Amino acid sequence: MKKFVIEGGRPLKGEVTLSGSKNASLPILAATLLAPGEHIIHNVPMLGDVKTMIKILKATGAITKFENHTLVINTKSITNSKVPYELVSTMRASFLIAGALIGRLGEAYVSRPGGCAIGSRPIDGHLKGFEALGVKIEEKHGYINATTKDLKGAEIWLNERSVTGTENILLASVFAKGETRVTNYAKEPHVIDLIKFLNSMGAKIKAQDDSIIIEGVKKLQPKEYTISPDYNEAGTFMIGSAITGGDIFLRDVRWEDSISEIAKLREIGVEVKKDKLGIRVKRKKIIKPCTVKTAPCPGFPTDLQPQITALLTLADGTSIVTETMFEQRFNHIPELRRMGAQIELEERSAIIKGVSELSGAKVMASDIRAGAALVLAGLSAKGVTEISRIYHIDRGYENLETKLSTLGAKIKRV
Ligand code: EPZ
């Protein structure tokens with residue numbers, strides 16, 4: 001099993017171009033099923049989860065060619081509506097294929113996704129949304145069997161601002177007769193990107209206050225589209241600059257996607273500057289302690305919680321990080337303790353007493369963002385850090401070590 005070996009203590013310096021958004025790519029790739037024909041999608045990150053989604057699309061009948069971040073996908077003949085457990089079990093977002101298959105074929109037989117390291121991650125909101133649209137849901141042998149004779153518009157209220165729940169209902173409702181209104185929907189940038197892509201294919205979706213309104217259409221046209229930058233990757237690098245006392249420039253990232261994180265980093269004492277080509281992140285002064293509470297967009301993103309927790313282990317005082325979105329998203333904490341961090345857990349909060357430096361150690365990644373947090377801690381720690389189970393990191397980051405090396409980090413994959 002591959003590892004990262006990091007020699008810490010070197011500030012990140014220089015300029016780097018990041019990849020397209022993983023969490024925008026997954027629903028947009030699934031959405032190509034809704035418009036038969038050839039789609040060309042640019043700036044698709046070549047990482048684990050995207051490769052899984054491509055495998056699933058091929059299993060339904062799509063023909064794909066993925067070269068140098070451009071995916072050509074032909075969804076003319078989609079014949080198979082059954083997606084096996086083996087494909088769904090490695091990535092929960094695979095369940096997005098259900099909404100796309102319901103929209104395209106009026107049926108989907110998709111394995112119920114399991115839980116994962118960060119929590120149980122139910123799909124009740126997805127299923128209730130499908131049923132409201134006139135889809136019959138049965139569950140047998142771990143499979144969700146969804147069938148419908150005709151999709152009709154509905155009034156849907158989401159109990160949780162679920163990202164893939166919102167996306168799945170969007171995918172299933174574009175052809176539903178009449179109007180569908182989804183209230184309490186997730187507003188993350190990747191949900192907005194999916195709406196943009198669907199509308200570019202001819203869907204009629206608009207946001208109105210806390211609802212999205214979908215007016216059913218007859219058919220959609222295949223399109224050429226470019227995936228937006230990954231704000232989770234950008235956020236990870238911004239924290240990388242802060243934790244190593246660095247000075248980096250991130251090319252072509254969308255400032256508006258990172259507003260909550262930038263506000264938090266500025267509160268901590270990090271200099272974040274915008275210019276027309278990107279964002280500059282520099283940390284000269286001490287790291288000030290603060291409180292962080294994750295929340296649905298526009299709140300502080302849960303996907304950056306492990307990374308900012310790592311940063312706050314070096315703050316000049318005590319910080320509190322509260323994770324409201326997932327019941328088990330603190331798996332990075334025992335590993336950070338092994339590096340000398342002083343963190344106590346109290347229910348959904350981590351109480352972090354800042355220390356002057358972390359020390360390199362052998363640690364283990366448990367999910368994408370926990371793994372990223374350990375990389376950042378290793379970049380700052382005194383001595384050598386070895387991170388195992390980096391396949392978790394590869395699911396969500398493309399060539400992380402190469403990008404960090406261009407910024408002067410001493411990190412290698414062994
Ligand atoms: C998406 O997961 C992201 N994944 C996650 O990113 C991200 O952490 C999460 O949204 C929150 O922003 C993708 O976009 C592919 P949710 P998702 O449904 O949609 C509860 C990463 O590292 N909930 O928004 O599965 C749920 O338990 C990954 O890139 C219900 O109760 O998350 C959680 O507490 C990790 N019922 C909260 O909502 C439901 O039907 C948010 O979950 C659905 C969700």
Side-chain angles (χ1 to χ4, degrees), residues 19-31 45 47-50 52-53 56 88 90-99 112-132 137 144 156-172 182 184-194 227-228 230-236 257 260-261 293-307 322-332 348 365-373 392-398 400:
S19 301
S21 164
K22 163 179 88 78
N23 290 347
S25 299
L26 298 175
I28 284 171
L29 264 51
L47 44 77
D49 277 5
V50 165
T52 301
M53 182 54 87
I56 291 171
V88 175
T90 61
M91 179 181 74
R92 291 183 40 72
S94 316
F95 196 62
L96 284 167
I97 203 72
R112 173 184 270 272
C116 70
I118 62 176
S120 63
R121 304 183 77 184
I123 53 167
D124 53 300
H126 301 234
L127 301 182
K128 279 196 206 108
F130 291 157
E131 285 175 322
I137 301 283
I144 307 277
I156 299 167
W157 178 78
L158 281 170
N159 186 38
E160 295 268 349
R161 275 187 195 279
S162 164
V163 168
T164 49
T166 303
E167 291 167 345
N168 240 340
I169 293 166
L170 278 167
L171 294 169
V182 185
N184 199 29
Y185 72 100
K187 299 189 168 84
E188 272 68 9
H190 30 280
V191 176
I192 309 306
D193 287 333
L194 172 64
I227 299 289
S228 57
D230 191 321
Y231 72 94
N232 278 327
E233 186 181 34
T236 304
D257 291 353
S260 58
E261 191 213 351
K293 188 171 172 191
T294 64
C297 183
F300 189 88
T302 175
D303 290 346
L304 291 171
Q305 177 269 105
Q307 298 93 313
T322 303
E323 173 55 70
T324 66
M325 302 288 280
F326 293 108
E327 63 270 31
Q328 270 159 340
R329 199 168 201 169
F330 282 137
N331 301 314
H332 44 292
R348 304 293 283 252
S366 54
D367 61 81
I368 303 174
R369 309 301 173 180
H392 287 293
I393 301 174
D394 291 337
R395 281 189 45 203
Y397 291 88
E398 180 186 2
L400 182 59

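Nothing here was measured: the structure is a model prediction, and the numbers come from that model. Whatever order the structure lists ligands and atoms in, that order sets their numbers, starting from 1.
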Glu327 contact mode with ligand 1 (heavy-atom cut-off under 4.0 Å): neither
Any N or O on Glu167 sitting closer than 3.5 Å to an N or O of ligand 1? no
For ligand 1, does Pro122 get within less than 4.0 Å through its side chain, its backbone, both, or neither, judged by non-hydrogen atoms? both
Heavy-atom check, side chain of Val191 versus side chain of Val163, under 4.5 Å: yes
Can you list the ligand 1 atoms lying under 4.0 Å from a non-hydrogen atom of Lys22? 21 (C), 29 (O)
Winner among Ser162, Gly119, Ala93 once heavy atoms are compared against atom 44 (C) of ligand 1: Ser162
Is the shortest side-chain N to carboxylate O distance from Asp303 to Arg329 below 4.0 Å? yes
Report yes or no: does Lys128 have a heavy atom closer than 4.0 Å to ligand 1? no
Please write down residue, atom name and distance for the protein heavy atom closest to atom 33 (C) of ligand 1. Met325 O, 3.2 Å
With Tyr397, which of His392, Arg369, Glu233 fulfils side chain to side chain donor-acceptor pair (under 3.5 Å)? Arg369
What distance separates Arg112 CZ from Arg92 CZ, expressed to the nearest 0.5 Å? 9.5 Å
Pull out every atom of ligand 1 sitting under 4.0 Å from any heavy atom of His126, numbered as shown with elements. 40 (O)
For atom 9 (C) of ligand 1, what is the closest protein heavy atom, and at what distance to 0.1 Å? Phe326 CZ, 3.9 Å
Option nearest atom 17 (P) of ligand 1 (shortest heavy-atom distance, choices Thr166, Thr164, Leu26): Thr164
Please identify which of these residues, Glu323, Gln305, Arg348, meets the side chain to side chain donor-acceptor pair (under 3.5 Å) condition with Thr294. Glu323
Hey, what's the ring geometry for Phe95 with Phe130, parallel, tilted or perpendicular (30° and 60° as the breaks)? tilted
Need the ligand 1 atom indices (1-based, order shown) with element for anything under 4.0 Å from a heavy-atom of Gly125. 39 (C), 40 (O)
Ligand 1 contact on Asp124 by region, counting heavy-atom pairs under 4.0 Å: both
Tell me if a side-chain donor or acceptor on Asp230 pairs with a main-chain N or O of Lys22 at a distance below 3.5 Å. yes
Heavy-atom nearest option to atom 10 (O) of ligand 1, drawn from Val163, Ile123, Leu127: Val163
Short list, please: which atoms of ligand 1 are under 4.0 Å from a heavy atom of Thr302? 8 (O), 11 (C), 12 (O)
Between ligand 1 and Arg329, can you find any atom pair, the residue atom being a heavy atom, that is separated by under 4.0 Å? yes
Nearest neighbour in protein (non-hydrogen) for atom 5 (C) of ligand 1: Asp303 OD2, 3.7 Å
Leu194 side, atom CG; Ser25 side, atom OG - distance, nearest 0.5 Å: 11.5 Å
Test item: Glu188 side-chain N/O and Cys297 main-chain N/O as donor-acceptor pair under 3.5 Å: yes
Quick one, Leu127 with Ile144, criterion side-chain contact (heavy atoms from CB on, under 4.5 Å). Give me CA distance, side-chain angles, the key distance, then yes/no. CA-CA 9 Å; Leu127 301 182; Ile144 307 277; 3.9 Å; yes
Closest non-hydrogen protein atom to atom 31 (O) of ligand 1, residue and atom name please, with distance? Glu160 CG, 3.3 Å
Note the single closest protein heavy atom to atom 15 (C) of ligand 1, along with its residue, its atom name and the distance in Å. Asn23 OD1, 3.4 Å
Using distance alone, decide if ligand 1 has a nitrogen or oxygen within less than 3.5 Å of any nitrogen or oxygen in Arg121. yes
side-chain contact (heavy atoms from CB on, under 4.5 Å) assessment of Leu26 paired with Thr164: CA-CA 10 Å; Leu26 298 175; Thr164 49; over 6 Å; no
Carefully, step by step, assess Leu158 and Ile169 under the rule side-chain contact (heavy atoms from CB on, under 4.5 Å). CA-CA 10 Å; Leu158 281 170; Ile169 293 166; 3.9 Å; yes
For Arg369, counting its heavy atoms only, list the atoms of ligand 1 lying under 4.0 Å from any of them. 21 (C), 22 (O), 29 (O)
